Amino acid sequence: MTAELLLASLQLSTPEVILALGAMALLMIGVFSGERSATTVTGLAVALLIIAGLMLVMKSPEGVAFGGAFVSDPFARFMKILTLIGSITALVMTVGHARSQQLDRFEFPVLIVLATLGMLLMISANDLLSLYLALELQSLALYVVAAINRDSVRSTEAGLKYFVLGALSSGMLLYGMSLVYGFTGHTNFEQIAAALSAEGRSLGLVFGLVFVLAGLAFKISAVPFHMWTPDVYEGAPTPVTAFFAAAPKVAAMAMLVRIVIDAFEPVVADWQQIIVFISIASMLLGSFAAIGQKNIKRLMAYSSIGHMGYALVGLAAGSMAGVRGVALYMLIYMVMTLGTFACILAMRRREGGNVESIDDLAGLSTTNPFMASVLTVMMFSLAGIPPLAGFFAKYFVFMAAIEAHLYALAIIGVLSSVVGAYYYLRLVKVMWFDPATDEFARTPGELKLVFGLAGLFVAGYVLIGGPIGEAAEAAARTFF
């Protein structure tokens, strides 16, 4: 690679370069300043992520870099901005809870920045090798973050489960990639698509495709690769769970969209069947398994599995409307999830720390009407009740499925939404109709800001949805 090409590649990947260099600098600051630097490093990490986000918003050149391994396009830009918003919000939400959750260590924000760097590289990956390296950069940081509270058995167990199952999924992904390379002779997405168009598919390639999709399904916690999700969500510190539920899901879904629409577009009939199966299984399990849950973080884990199923409905359509629906769904899902987790973080007794049981929300409408109102809006939106944002998210993916003649998939999705509404409405009933047991401690300002803004977005989406829909459509047009 010549100096000119390298310079052009570095210009295309400026946000990633900033995060990589910034993470190293933050690590040095933390190492030389000791434990007392945790607050400073967290503030600098937030500033670093904001700078990367502003660079994407203001100046984001398009093109292919590093010999075709990295691509910068409108879809990558849209999903990267979402990912950065998720990471920034999750870091801000940890500020008030750092000491109680054992997160007041300088390593935590550094790991979040490195995980976010991995996510941005995943979204722009245009080659199987760059995709795998980006995925592992994100995963290795997340394994440590899940188990960062070393004094908690639950947190350590969550980290270990995530690591073991993550290693299994990485092995499946690598095996699938080796089969794809073996039967097409390429690792670059465009070249794989060209080889499939010219030669047609073989049985070995279909096996490779199945293994690749299985490895990626683990990252979005889709059934049947969801088994880590409830335990990790429940066991990890709550601010970590909030991060897990937002940014990594957006990045993994973007990566899945790119690989099936770009690399495997000529064999759409093969991957469409797999996506439809995973989508149906995720929607049904997410809806039914959440009914008996008593822990609100575990309930949100099953809710997340279900919502990934709904997002995959749009991807199964394999059309521009479908990709637009997926992009919009991930945006709205992320806002709803972060808003809900801000409320969960605010579930804190004056003496005795955080509580996670659904029954602890009893009578919240009398003790904290603002938080009860916001959480009610979030639950209605997650259930897909109009005119809230969650309704529009489901509407666009179901319409894309109907346009692609996937009627059975859309019907199953609607029926799953009806079942899922039960456990969301149960939370609303507990907050508004059950007698209050105890009052929560005063809600920190940063959490009020997060769930207040999330509530405004979800309730007022009908007024601001136009420009957001146009941005999602511009992102989807990248592939068509």
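Treat the numbers as computed from the prediction; the structure is a model and nothing was measured.
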Query raised in the report: Side chains of Lys219 and Leu256: does their closest heavy-atom pair fall under 4.5 Å?
Result: no
Report task. Using atom types as modelled and distance alone, determine if a side-chain donor or acceptor of Thr229 lies under 3.5 Å from a backbone N or O of Ala301. Result -> no
Query raised in the report: Counting only N and O atoms by type, is there a donor-acceptor contact under 3.5 Å from the side chain of Thr14 to the main-chain atoms of Gln11?
Result: yes
Query - Side chain Gln273, main chain Ala269, donor-acceptor under 3.5 Å - result: yes
Query raised in the report: Ignoring hydrogens and geometry, is there a side-chain-to-backbone donor-acceptor pair from Ser130 to Ala69 under 3.5 Å?
Result: yes
Query raised in the report: How about Ile332 and Phe457: do any of their side-chain heavy atoms sit closer than 4.5 Å?
Result: yes
Requested in this report: Taking the side chain as every heavy atom from C-beta outward, state whether Ser282 and His226 have any pair of such atoms under 4.5 Å apart.
Outcome: no
Query raised in the report: Do the ring centers of Phe264 and Phe189 come within less than 6.0 Å of each other?
Result: no
Requested in this report: Using distance alone, with no hydrogens and no angle criterion, decide if Thr376 and Trp432 have a side-chain donor and acceptor under 3.5 Å apart.
Outcome: yes
Requested in this report: Mind telling me whether Tyr310 and Tyr329 have parallel, tilted or perpendicular rings, with 30° and 60° as the class edges?
Outcome: tilted
Query - Closest approach of Ala263 to Pro266 (non-hydrogen atoms, all atoms of both residues) - result: O-CD, 3.9 Å
Report task. Could you tell me the separation between the CG atom of Leu361 and the CG atom of Leu375, rounded to the nearest 0.5 Å? Result -> 6.0 Å
Report task. Can you see which heavy atom on Ile344 is nearest to which on Met300, and at what distance? Result -> CD1-CG, 4.0 Å
Requested in this report: Mind listing the closest non-hydrogen atom pair of Met177 and Leu131 along with its distance?
Outcome: CE-CD2, 3.4 Å
Query raised in the report: What heavy-atom pair brings Leu388 and Ala459 nearest, and what distance separates the two atoms?
Result: CD2-CA, 3.8 Å
Query raised in the report: Going by heavy atoms in the side chains, are Asp127 and Gln191 under 4.5 Å from each other?
Result: no
Query - Ile278/Val223 under side chain to side chain contact (heavy atoms under 4.5 Å, CB included): CA gap, chis, key distance, verdict - result: CA-CA 6 Å; Ile278 291 174; Val223 176; 5.8 Å; no
Report summary line: Interatomic distance, CE@Met431 vs OG1@Thr367, rounded to 0.5 Å, equals 10.5 Å
Query raised in the report: For the atom pair CG (Leu26) and CG (Leu111), what is the distance rounded to the nearest 0.5 Å?
Result: 11.0 Å
Query raised in the report: Listed by chain and number, what are the side chain to side chain contact (heavy atoms under 4.5 Å, CB included) partners of Val418, not counting sequence neighbours?
Result: none
**Report entry** Cationic N near anionic O, under 4.0 Å, Lys80 to Glu16
**Finding:** yes
Query raised in the report: Which heavy atom in Met371 sits nearest to a heavy atom in Cys343, and how many Å separate them?
Result: CE-O, 3.2 Å
Query raised in the report: Do Met320 and Arg477 come within less than 4.5 Å of each other through their side chains, counting heavy atoms only?
Result: yes
Query raised in the report: Do the side chain of Glu234 and the main chain of Lys297 share a donor and acceptor less than 3.5 angstrom apart?
Result: no
Query raised in the report: When you look at CZ of Phe479, are more than 12 heavy atoms from neighbouring residues, nucleotides or ligands closer to it than 6.0 Å?
Result: yes
Requested in this report: Take Ile291 and Tyr302 through the side chain to side chain contact (heavy atoms under 4.5 Å, CB included) test and state the conclusion after the steps.
Outcome: CA-CA 9 Å; Ile291 289 172; Tyr302 284 109; over 6 Å; no
Report task. Assess the pair Tyr162 and Phe244: is the distance between their ring centroids shorter than 6.0 Å? Result -> yes
Query raised in the report: Can a donor-acceptor pair be found between the side chains of Ser170 and Glu136 at a distance below 3.5 Å?
Result: yes
Report task. May I ask you to decide if Ile261's main-chain N or O and Trp271's side chain share a donor-acceptor pair within less than 3.5 Å? Result -> no
Query raised in the report: When rounded to the nearest 0.5 angstrom, what distance separates CG in Leu120 from OG in Ser87?
Result: 7.5 Å
Report task. Rounded to the nearest 0.5 Å, what's the gap from CG on Leu117 to OG1 on Thr83? Could you check? Result -> 12.0 Å
Query raised in the report: Considering only heavy atoms from C-beta outward, does the side chain of Leu409 approach that of Phe398 to under 4.5 Å?
Result: no
Requested in this report: Assess whether atom CZ of Phe370 is packed by more than 12 heavy atoms of other residues, nucleotides or ligands within 6.0 Å.
Outcome: yes
Query raised in the report: Okay, side chain of Gln138, backbone of Ala134: is any donor-acceptor separation there less than 3.5 Å?
Result: no
Query raised in the report: Taking the side chain from Thr478 and the backbone from Phe75, do they hold a donor-acceptor pair closer than 3.5 Å?
Result: yes
Query raised in the report: Tell me, do Leu216 and Met255 make a side-chain contact under 4.5 Å, heavy atoms counted?
Result: yes
**Report entry** Pair Ser303-Tyr424, side-chain donor/acceptor within less than 3.5 Å
**Finding:** yes
Query raised in the report: Who are the side chain to side chain contact (heavy atoms under 4.5 Å, CB included) partners of Val71, not counting sequence neighbours?
Result: Val64, Asp73, Asn126, Arg258
Report task. Kindly determine whether Met119 and Lys249 satisfy side chain to side chain contact (heavy atoms under 4.5 Å, CB included), including the steps that lead there. Result -> CA-CA 9 Å; Met119 290 174 219; Lys249 292 285 173 71; over 6 Å; no
Query raised in the report: To the nearest 0.5 Å, what is the distance between CZ (Phe480) and CD (Glu473)?
Result: 11.5 Å
**Report entry** Criterion side chain to side chain contact (heavy atoms under 4.5 Å, CB included) on Arg298 and Asp231, from CA distance to verdict
**Finding:** CA-CA 7 Å; Arg298 210 170 173 84; Asp231 294 328; 3.2 Å; yes
Identify each donor-acceptor pair in which a side-chain atom of residues 43-54 lies under 3.5 Å from a protein atom, sequence neighbours left out, and give them as a table.
none

Query raised in the report: Is it true that a side-chain atom of Ser381 and a backbone atom of Val377 form a donor plus acceptor pair closer than 3.5 Å?
Result: no
Requested in this report: Side-chain contact test, heavy atoms from C-beta onward, threshold under 4.5 Å: evaluate it for Leu415 versus Val419 and give yes or no.
Outcome: no
**Report entry** Thr42 side chain to Pro109 backbone, donor-acceptor under 3.5 Å
**Finding:** no
Query raised in the report: Looking at Ile358 and Asn295, what are the two nearest heavy atoms and their distance?
Result: CG1-C, 4.4 Å
